[in-house]
Amino acid sequence: MTPLTHPHAPALAHRALPQLIDALVEQGWYIGEGVLDAELCAELQRELAALVEHDALEAAGIGRGTEHTLRRDIRGDAIHWLDRESLAQRRYLEAMGRLQRELNQALYLGLFEYEAHFAHYPAGAFYRRHLDSFRGRANRVVSTVGYLNPGWPADGGGEMVIFAADDPEREVARVSPEAGNFACFLAETIPHEVLPTRLPRASIAGWFRRNASLGGRVDPAR
């Protein structure tokens, strides 16, 4: 892969942090346009495209453990967990680490770790309305989505729709999957969905988690 020419450019714009924290407190969700570094988005998009080309993604399911199932009528994307094997992944994860520290300092959330994966939606794919917490395993506290699609057309579809916490039928915002856009919301309370996409759609979905243990063992990241 082509190396990044500015490896120390901020992956997440500094200006976004106070706005993000205020929005989480006031409404439970945040949308920022153009807050992810453009060069980083391009490198991550190329990395995901290579994974798609080499058939290195796995079909995404719903639920965890024994409740994990594939339901293409609910969710149609394919994923690959970030593993820090590339400079681009490390930069993105380091930016999320900084965000985790800021959230803990400002909001006392007790966030313990961050997990994230690439998500590739082929044309026609979608993800029905849902919450990101799991029944009996509500340790995902804050969700993030970073978008990697440059020049996304207005009629491309694939927007993420955010619904009101107190009324899951009421739409409050839409996020275009344009490269550089970034969304953050409370995982246990903010319903959301991905509308059918007309074009292949690339993103990184992630979650800040609290520590949870079962049988004396720390809950694994995935």
Side-chain angles (χ1 to χ4, degrees), residues 1-17 19-20 30-60 75-103 111 113-123 125 127 132 142-154 156-160 174-185 194 197-209 221-222:
M1 293 185 180
T2 303
L4 297 171
T5 57
H6 302 290
H8 300 298
L12 182 68
H14 298 314
R15 61 177 169 79
L17 294 176
Q19 299 169 3
L20 186 156
Y30 162 84
I31 297 171
E33 296 184 354
V35 301
L36 294 176
D37 177 64
E39 187 179 11
L40 175 60
C41 288
E43 184 70 8
L44 290 166
Q45 195 278 335
R46 286 191 291 268
E47 188 172 334
L48 177 53
L51 291 168
V52 173
E53 182 179 356
H54 291 89
D55 197 25
L57 303 179
E58 58 181 288
R75 180 179 187 180
D77 58 321
I79 65 172
H80 181 84
W81 291 94
L82 270 60
D83 52 20
R84 293 185 176 271
E85 288 190 358
S86 70
L87 174 60
Q89 287 192 33
R90 291 193 295 273
R91 285 192 61 215
Y92 189 87
L93 291 172
E94 286 165 5
M96 294 303 103
R98 182 189 174 202
L99 177 56
Q100 177 179 319
R101 293 189 295 273
E102 295 283 346
L103 291 172
L111 304 176
E113 63 182 349
Y114 180 76
E115 59 179 352
H117 61 61
F118 286 116
H120 175 259
Y121 286 75
Y127 194 165
D132 281 351
V142 178
S143 301
T144 69
V145 187
Y147 296 98
L148 309 177
N149 312 281
W152 191 261
E159 299 96 339
M160 183 174 70
R174 291 195 180 194
V175 190
S176 167
E178 172 68 27
N181 290 354
F182 184 75
C184 188
F185 50 92
V194 177
T197 181
R198 292 183 56 250
L199 303 170
R201 174 191 186 274
S203 62
I204 295 178
W207 300 270
F208 294 106
R209 293 154 36 95
R222 52 185 178 273

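- Qualifying side chain to side chain contact (heavy atoms under 4.5 Å, CB included) partners for Cys184, counting only residues two or more places apart in sequence or in other chains: Leu20, Leu24, Tyr30, Val142, Thr144, Phe182.
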Using the side chain to side chain contact (heavy atoms under 4.5 Å, CB included) rule, take Leu36 and Tyr92 through it: C-alpha gap first, then chi angles, then the decisive distance, then the call. CA-CA 9 Å; Leu36 294 176; Tyr92 189 87; 4.2 Å; yes

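- Shown here are the ring pair (Phe, Tyr, Trp, His ring centres under 6.0 Å) partners of His117, two or more places apart in sequence or in another chain: Trp81, Trp207.
- Salt bridge Arg91/Glu94: absent, no basic N to carboxylate O contact under 4.0 Å.
- Remark: the backbone N or O of Gln89 is paired with a side-chain donor or acceptor of Ser86 at under 3.5 angstrom.
- For Arg198, the salt bridge (charged side-chain N to carboxylate O under 4.0 Å, His left out) criterion is met by Asp155, not counting sequence neighbours.
- Between Ile79 and Leu57, every side-chain heavy-atom pair lies at or beyond the 4.5 Å cut-off.
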Quick one, Leu48 with Gln45, criterion side chain to side chain contact (heavy atoms under 4.5 Å, CB included). Give me CA distance, side-chain angles, the key distance, then yes/no. CA-CA 5 Å; Leu48 177 53; Gln45 195 278 335; 5.8 Å; no

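- Here Arg15 pairs with Ala13, Val35 under the side chain to side chain contact (heavy atoms under 4.5 Å, CB included) rule; sequence neighbours left out.
- Scanning all heavy atoms of the two residues, the minimum distance from Gly206 to Tyr114 falls at CA-OH, 3.4 Å.
- In this structure, the ring pair (Phe, Tyr, Trp, His ring centres under 6.0 Å) partners of Phe185, at least two apart in sequence or on a different chain, are His192.
- When all heavy atoms of Pro150 and Ala179 are compared, the closest pair comes out as N-CB, 3.6 Å.
- By the 4.5 Å heavy-atom criterion applied to side chains, Met160 and Pro177 are not counted as neighbours.
- In this structure, the side chain to side chain contact (heavy atoms under 4.5 Å, CB included) partners of Ala59, at least two apart in sequence or on a different chain, are Leu70, Arg72.
- The main-chain N or O of Glu178 is never found under 3.5 Å from a side-chain atom of Asn149 such that the two would form a donor-acceptor pair.
- For the pair Arg201 and Asp77, the salt-bridge criterion is not met [side-chain N within less than 4.0 Å of a carboxylate O].
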